[in-house]
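Here is the structure we will look at.
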Amino acid sequence: MKAAFLPDRGVVKVAGDDARDFLHGIVSADILALTPGVARFCALLSPQGKILADFLVVEAPAAQGGGFFLDVPRAIAATVVARLNLYKLRSRVIVEDLSEVLGVLAAWGGEGATALGLAYADPRLPALGMRVMTPPHRAADVAADLGAQLCDARDYAAHRIALGVPQGGADFSYGDAFPHEADMDQLGGIDFAKGCYVGQEVVSRMEHRGNARTRTVPVRYTGAAPAAGSTVTAGERQIGTMGSAAGGRGLALLRLDRLADALSRGERLFAGDVPIEASKPDWAHFSFPGNARAAE
């Protein structure tokens, strides 16, 4: 088992008598059914249905003080707090950015348990393992308690990329991508059975019409990694944007209709000047040109 403290993750706490109903009414996942120690993957959306922030939310047991803890990208933690406070109105909730004192450790590739922090399975994919909210200086203790080898955060990033799981800010831009484009519908980040929340009508319409033309998909390359943000082209046509990459694997946000046209013409894909090959994540169930899977 491996573990890595993730310095790019922060923690936001939402507590108070109305915390559960408050979060349920504004995020894309079902918070009413959430139980302590179990996490949900969800997003805050704009009224136009674009992702403003995505995060994991977990409820702390009453013995640990209760409340809901959001595992968020640290770069947007303050933005998340501001957005939640904007929606708070008269709700009896307190929103705090705890990123200076709490961080997130990820552990994968084995089984383990620890009481040294708030631990929860990553709800997106079993292969992503588990996470623990802990003070940064306790990361080594948590890893040892799990029986895990403490690694660099880049090792976890390479693991995530190899699995084909997008990361906000690296593989898609906040305020610009719809949940379907970030594969949130494939990774349990959207509850299509729950009631109204901000942006819900747009997301539901996209789901029922099945018209998500753009997806974040795995790519392979040889040699030096393509630069993040580089344009993906086929022939003379732009079909997408390169995201994160490591060890011959990467992620790219691609127009699938344009990818299909390129494949039908036998055109190669390039991210900048680096040749790439696109595939479908082996956990995904959306339609993909040629249906090539990442594990093949």
Side-chain angles (χ1 to χ4, degrees), residues 1-16 19-20 23 27 29 31 33-42 53-78 80-81 84 93-163 165 167-170 187-189:
M1 190 176 195
K2 296 181 179 180
F5 185 78
L6 309 179
D8 61 344
R9 303 298 293 186
V11 177
V12 170
K13 181 180 180 181
V14 181
R20 186 183 301 274
L23 284 173
V27 303
I31 305 302
L34 196 62
T35 56
V38 177
R40 290 276 192 277
F41 179 39
C42 57
D54 62 337
F55 45 83
L56 309 182
V57 56
V58 61
E59 182 182 4
Q64 295 183 23
F68 296 87
F69 290 77
L70 281 52
D71 171 347
V72 304
R74 186 161 186 178
I76 62 168
V80 170
V81 170
L84 293 177
V93 298
I94 297 173
V95 182
E96 301 176 85
D97 184 356
L98 303 180
S99 303
E100 290 296 324
V101 295
L102 276 182
V104 177
L105 177 138
W108 68 99
E111 299 291 332
T114 181
L116 301 179
L118 180 56
Y120 47 99
D122 193 314
R124 295 171 293 178
L125 284 181
L128 285 170
M130 65 180 293
R131 295 161 87 95
V132 184
M133 290 182 181
T134 182
H137 69 275
R138 297 297 305 277
D141 295 333
V142 173
D145 198 43
L146 289 168
Q149 174 190 357
L150 189 61
C151 303
D152 190 88
R154 288 173 293 187
D155 295 314
Y156 176 77
H159 177 64
R160 173 189 63 79
I161 292 167
L163 291 172
V165 177
Q167 178 172 294
L187 293 166

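We count residues from 1, following the sequence as given. Because the structure is predicted, anything quoted here is derived from the model rather than measured.
In this structure, Leu23 CG and Cys42 SG are separated by 7.5 Å, a value rounded to the nearest 0.5 Å. Going from atom CD of Gln167 over to atom CD1 of Ile161 covers 8.0 Å, rounded to the nearest 0.5 Å. Here Arg138 contributes atom CZ and Phe5 contributes atom CZ; the two are 12.5 Å apart, rounded to the nearest 0.5 Å.
Under the 3.5 Å distance criterion, the side-chain polar atoms of Arg20 are matched with a main-chain donor or acceptor of Leu34. Side-chain N or O atoms of Arg124 include none that pairs as donor or acceptor with a backbone N or O of Leu187 at under 3.5 Å.
Take Glu96 and apply the side-chain contact (heavy atoms from CB on, under 4.5 Å) test, not counting sequence neighbours, and it matches Lys13, Ile94, Leu98. Take Asp97 and apply the salt bridge (charged side-chain N to carboxylate O under 4.0 Å, His left out) test, not counting sequence neighbours, and it matches no residue.
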task = Applying side-chain contact (heavy atoms from CB on, under 4.5 Å), run through Leu102 and Phe69 and close with a yes or a no.
result = CA-CA 10 Å; Leu102 276 182; Phe69 290 77; 4.3 Å; yes

Subject >> Chi angles and distances behind the side-chain contact (heavy atoms from CB on, under 4.5 Å) call for Leu70, Val14 >> reply: CA-CA 8 Å; Leu70 281 52; Val14 181; 4.2 Å; yes

Exercise. Please test Val58 against Met133 for side-chain contact (heavy atoms from CB on, under 4.5 Å), starting from the C-alpha separation and ending with a verdict.
Key: CA-CA 10 Å; Val58 61; Met133 290 182 181; 4.1 Å; yes

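Closest heavy-atom contact between Arg131 and Asp71: NE-OD2, 2.6 Å. Here the closest heavy-atom approach between residue Asp145 and residue Ala115 is recorded as OD2-N, 3.8 Å. Contact between Ala39 and Tyr120 at its shortest, heavy atoms only, is CB-CD1, 3.6 Å. Heavy-atom minimum distance, Ser99 versus Gly10: OG-CA, 3.3 Å. Nearest heavy atoms, Leu146 versus Ala107: CD1-CB, 3.9 Å. In plain terms, the two heavy atoms of Ala153 and Pro7 that are nearest each other are CB-CD, 3.8 Å.
For the pair Leu150 and Leu105, the minimum side-chain heavy-atom distance is below 4.5 Å. Leu128 has its side chain out of reach of Pro123: every pair of non-hydrogen atoms, C-beta onward, lies at least 4.5 Å apart. With contacts defined as side-chain heavy-atom distances shorter than 4.5 Å, the pair Trp108/Asp122 does not qualify. Counting only heavy atoms from C-beta outward, the side chains of Phe41 and Leu56 approach each other to under 4.5 Å. Side-chain contact between Glu59 and Gln64: absent, with no pair of heavy atoms (C-beta onward) separated by less than 4.5 Å. At a threshold of 4.5 Å between non-hydrogen side-chain atoms, the residues Val27 and Arg40 do not count as touching. Side-chain contact between Tyr156 and Lys2 is absent, with no heavy atoms from C-beta onward closer than 4.5 Å.
Checking each of Val142, Leu116, Val104 against Val132 for a side-chain contact (heavy atoms from CB on, under 4.5 Å) leaves exactly one that passes, namely Val142.
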